[in-house]
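Notes follow once the structure below has been shown.
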Amino acid sequence: MDKLERYAEILDSAALHARATPQLTHTDPDLSVADAYRVQQLSVDRRLARGERRIGVKMGLTSRAKMLQVGVDEVAWGRLTDAMLIEEGTAMSRARFVHPRVEPEVAFLMKAPLAGKVTAAAALAAVEAIAPAMEIIDSRYENFKFALSDVIADNTSSSGLVIGSWNDPAMDFSNLGVYLEIDGEVKQIGSTAAILGHPLRSLVAAARLVAEAGEEISVGDIVMAGGITAAPNLAPGQTVRTTVQGLGSVMFQVEA
Ligand code: 0L1
Ligand code: MG
């Protein structure tokens with residue numbers, strides 16, 4: 001097993017058993033971003049080999065609030081599988097995660113493939129629908145601490161996603177008000193403009209980054225556009241809701 005395969009196994013096992021692992025860059029400070037993406041791919045391949053199905057991609061670190069929260073300042077992407085889907089309105093099990101957090105987001109459903117250098121207009125034309133959404137992120141690293149290469153190797157902390165009702169994308173979604181409530185208390189407020197200035201820019205960036213890895217965004221894929229605010233911690237007993245102006249609400253509960 002070569003070094004990158006070993007890293008993929010370490011991260012896959014940490015996720016599978018919900019046990020934190022030391023940062024890769026503690027012992028391998030020169031781990032490159034390119035090698036980190038290869039580790040991500042190898043670790044997701046292990047999931048696919050266990051029967052999970054690829055359902056799309058996520059963009060990460062797309063807002064200033066997120067970059068400041070984790071001290072990393074470049075956008076990154078990760079891969080989504082069906083095992084990460086949490087049905088809207090149901091409960092997720094806290095025990096499946098190391099130290100989960102939640103991000104308010106919007107999600108795109110794709111009706112045409114997208115890859116490489118595309119314009120915002122071409123990206124929009126490939127969108128079937130847009131929905132309010134939440135991503136559950138869960139770094140597999142101790143203390144939720146990482147460098148850019150660490151977090152990319154760790155599938156950009158992606159662990160779960162909850163999608164609300166799909167809406168027609170023929171609306172101006174560049175600057176919609178967003179709030180995240182936990183147990184009825186507003187914890188985070190933001191705007192879809194926090195996603196790189198416009199959520200479509202995230203889709204344009206996703207098409208470019210995915211193509212650099214020799215892949216594409218496919219018909220039927222979900223693209224999580226990226227966190228809008230900092231991400232609060234999740235704990236058993238919570239009811240978590242995100243509302244996006246004009247798009248509706250999405251909620252889930254946390255059980256032990
Ligand atoms: O989706 C995100 O923006 C999170 C990317 C990874 C950083 C983190 O774990 O907070
Ligand atoms: Mg996110």
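First listed ligand is number 1; within each ligand, the first listed atom is number 1. The model shown is predicted, which means the values in this text are computed figures rather than measured ones.
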inquiry  = Please check: side-chain N/O of Y141 versus main-chain N/O of D150, any donor-acceptor pairing under 3.5 Å?
reply    = yes
task = Ignoring angles and geometry beyond distance, decide whether T156 reaches within less than 3.5 Å of ligand 1 through its nitrogen or oxygen atoms.
result = no
message = For the 3.5 Å polar cut-off, considering only N or O atoms, please tell me whether V151 and ligand 1 meet it.
response = no
ask   = What are the atoms of ligand 1, with element, lying closer than 4.0 Å to any heavy atom of V70?
value = 8 (C), 10 (O)
request  = With the Mg ion (ligand 2) as the reference point, give the N/O/S atom of E103 that is nearest.
outcome  = OE1
request  = Under 4.0 Å from a heavy atom of E103: give me the atoms of ligand 1 that qualify, with their elements.
outcome  = 1 (O), 2 (C), 3 (O), 4 (C)
request  = State the atom name: nearest N, O or S atom of E135 to the Mg ion (ligand 2).
outcome  = OE1
Distance-only donor-acceptor check, side chains D35 and Y7, under 3.5 Å = no
inquiry  = Show me which atoms of ligand 1 lie under 4.0 Å from any heavy atom of G60.
reply    = 1 (O), 2 (C), 3 (O)
Nearest to the Mg ion (ligand 2) - the N/O/S atom of E105, by atom name = OE2
remark   = CD of E105 to OG1 of T242, rounded to nearest 0.5 Å, is 9.0 Å
inquiry  = With a heavy-atom distance limit of 4.0 Å, tell me whether S157 approaches ligand 1 through its side chain, its backbone, both, or neither.
reply    = side chain
ask   = Got the closest protein heavy atom to atom 10 (O) of ligand 1, with its distance?
value = K66 NZ, 2.7 Å
With a 3.5 Å cut-off and sequence neighbours excluded, list the donor-acceptor pairs that the side chains of residues 228-238 form with protein atoms.
| residue | atom | partner | partner atom | Å |
| --- | --- | --- | --- | --- |
| N233 | OD1 | R101 | NE | 3.3 |
| Q238 | OE1 | A235 | N | 2.7 |

key: Heavy-atom side-chain proximity of H198 to F173 below 4.5 angstrom   = yes
remark   = Rounded to the nearest 0.5 angstrom, the CD1-OG distance for I86 and S93 is 9.5 Å
note = Looking only at protein heavy atoms, what sits closest to atom 3 (O) of ligand 1 is L61 N, 2.8 Å
Option nearest atom 1 (O) of ligand 1 (shortest heavy-atom distance, choices E105, K58, R140) = K58
inquiry  = Within ligand 1, which atoms have a heavy atom of F146 less than 4.0 Å away?
reply    = 7 (C), 8 (C), 9 (O)
inquiry  = Test of understanding: given a 4.0 Å heavy-atom threshold, classify the contact between Q69 and ligand 1 as side chain, backbone, both, or neither.
reply    = neither
inquiry  = Working note: D12 + S43, criterion side-chain hydrogen bond (donor to acceptor under 3.5 Å, both in side chains); need CA distance, chi angles, decisive distance, verdict.
reply    = CA-CA 6 Å; D12 181 49; S43 90; 5.7 Å; no
query = Got more than 12 heavy atoms from elsewhere within 6.0 Å of CZ, R64?
reply = no
Euclidean distance, H99 NE2 relative to R140 CZ, rounded to 0.5 Å = 8.5 Å
